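Worksheet for the structure shown next.
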Amino acid sequence: MKIYTFNINGIKARFETFTRWLEETKPDVVVLQEIKSVDENFPREHFEDMGYRVETHGQKGFNGVAIFSRLPLEDVVRGLPGDDEDQQSRWIEATVIGDKGAVRLAGLYLPNGNPAPGPKYDYKLAWMARMETHARSLLALEMPVIMAGDYNVIPQREDAAKPDAWTEDALFLPQTREAFRRILNPGFADAFRLRVQGPGHYSFWDYQAVAWERNNGIRIDHLLLSPQAQDLLIEVGIQREERGREKPSDHVPAWVELDL
DNA sequence: ATGTCGAGGATACCTCGA
């Protein structure tokens, strides 16, 4: 089973690009971020006709996440638990039924948090604390679990082409990286770093300042695996080439293959 | 800091978010 995460930066703007990617890549499962659409306006039938179950958790204008799957989905949950007042659509969760077993999959769009300090950064840190709590409850399932998405976190210096340019940014502040490690520490692992070491691997290049042309990227799209999922890991990857295609998102897909 | 996008509101530009 191959599972992808892809921040598409708007389903309306990326309809052709994303449809072409889906036809070429044929993922078993993909979690999407920044669909920027309410559920009622999401073109679900178009993708259902392509063979996918489509579960969305959208909102007007910003944010919004989704799960697409060729395999059966069960127990879909929308929203990150822990704050009934939170109106932002950033979390969706479902159980994917594979040929050999099931995986609990979360698709997430972690808050950007800029400018820091400020209320947006406070929201980011509070959201990460909530995620830490929920991540522990997912580990308690003692089953394969994947938390995949746009984390808006640069974990280490090697995950940025120009780390010194990010020292004051909400994606790379020490408090952000510490909160990220607290989510991992109880037992999750960054799938990409289980298999690939060293600098030069990025998942996002800003539209501005010719970042792509200069390969000024950062790695912020991650798939975190529970111990039971780590045991099933076959391969990891980042589809870097997608950033050079026609009308790209500013993010590219990242993926894991599990023996499921 | 910014040479760019995307969405939405009230338009043939502006604001916000990233």
Side-chain angles (χ1 to χ4, degrees), chain A residues 5-21 31-44 46-47 56-66 80 86-91 107-128 131 148-155 159-173 175-177 179-180 202-222 238-254:
Chain A
T5 176
F6 193 179
N7 181 324
I8 57 172
N9 192 15
I11 188 59
K12 297 175 194 73
R14 219 64 58 208
F15 184 81
E16 286 83 13
T17 302
F18 176 63
T19 297
R20 187 265 307 151
W21 175 83
V31 294
L32 304 179
Q33 302 87 40
E34 287 203 88
I35 63 173
K36 296 185 178 179
S37 166
V38 293
D39 295 338
E40 308 84 79
N41 294 345
F42 193 89
R44 71 167 54 248
H46 168 78
F47 298 112
T56 61
H57 181 41
Q59 72 179 78
K60 191 165 153 186
F62 307 104
N63 307 325
V65 290
L80 177 64
D86 188 358
Q87 299 298 309
Q88 301 192 30
S89 296
R90 297 180 173 276
W91 186 277
L108 65 109
Y109 178 47
L110 204 147
N112 176 296
N114 281 304
K120 291 186 179 178
Y121 193 56
D122 295 341
Y123 175 69
K124 177 175 194 159
L125 292 178
W127 200 96
M128 292 181 85
M131 180 173 169
D150 176 358
Y151 278 72
N152 273 312
V153 174
I154 304 167
D159 296 310
K162 297 182 179 180
D164 292 337
W166 295 91
T167 51
E168 307 297 318
D169 194 283
L171 278 62
F172 194 55
L173 282 171
Q175 264 188 291
T176 303
R177 297 159 66 195
F180 182 70
Y202 312 127
S203 66
F204 169 91
W205 294 260
D206 203 306
Y207 286 126
Q208 296 183 70
V210 289
W212 168 244
E213 288 76 4
R214 293 177 185 172
N215 194 25
N216 179 14
I218 51 176
R219 194 176 68 89
I220 57 175
D221 297 272
H222 310 301
I238 298 175
Q239 288 182 306
R240 182 183 199 285
E241 66 280 4
E242 288 298 320
R243 189 61 175 80
R245 304 287 293 266
E246 181 107 359
K247 206 162 189 294
S249 170
D250 41 7
H251 296 251
V252 298

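Quick caveat: nothing in here was measured; it's all calculated off a predicted structure. Chain A is the first sequence line, chain B the second, and so forth, proteins listed ahead of strands; every chain is numbered from 1.
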Rounded to whole Å, please give me the gap between [atom1] in [X] and [atom2] in [N].
| X | N | atom1 | atom2 | result |
| --- | --- | --- | --- | --- |
| A:Lys162 | B:dA1 | NZ | C1' | 12 Å |
| A:Lys247 | B:dT4 | NZ | C1' | 12 Å |
| A:Trp205 | B:dC5 | CH2 | C1' | 17 Å |

Got a sec, which pairs hit salt bridge (charged side-chain N to carboxylate O under 4.0 Å, His left out) with one end in residues 213-222 of chain A, sequence neighbours left out?
A:Asp159-A:Arg219, A:Asp190-A:Arg219

How far does the P atom of B:dT2 sit from the matching atom of B:dA7, given to the nearest Å?
25 Å

B:dG6 and B:dA10, which share atom name P, separated by this distance in whole Å
23 Å

If we count only N and O atoms by modelled type, under 3.5 Å, do the side chains of A:Asp39 and A:Thr56 hold a donor and an acceptor together?
yes

Which residues pass the salt bridge (charged side-chain N to carboxylate O under 4.0 Å, His left out) test with A:Arg20, sequence neighbours left out?
A:Glu24, A:Glu242

Taking only residues two or more places apart in sequence, or in another chain, which ones meet [X] in a side-chain hydrogen bond (donor to acceptor under 3.5 Å, both in side chains)?
| X | value |
| --- | --- |
| A:Asp86 | A:Tyr123, A:Arg130 |
| A:Ser37 | none |
| A:Asn114 | A:Asn112, A:Asp169 |

Between B:dG6 and A:Arg14, is there an OP1 or OP2 to side-chain N/O distance shorter than 4.0 Å?
yes

Close N/O contacts between protein and nucleotides 14-18 of chain B (under 3.5 Å):
{"unit_1": "B:dG17", "atom_1": "OP2", "unit_2": "A:Lys120", "atom_2": "NZ", "d": "3.0"}
{"unit_1": "B:dG17", "atom_1": "O5'", "unit_2": "A:Lys120", "atom_2": "NZ", "d": "3.4"}

With a non-hydrogen cut-off below 4.0 angstrom, is A:Ala209 in contact with a base, only sugar-phosphate, or nothing?
base

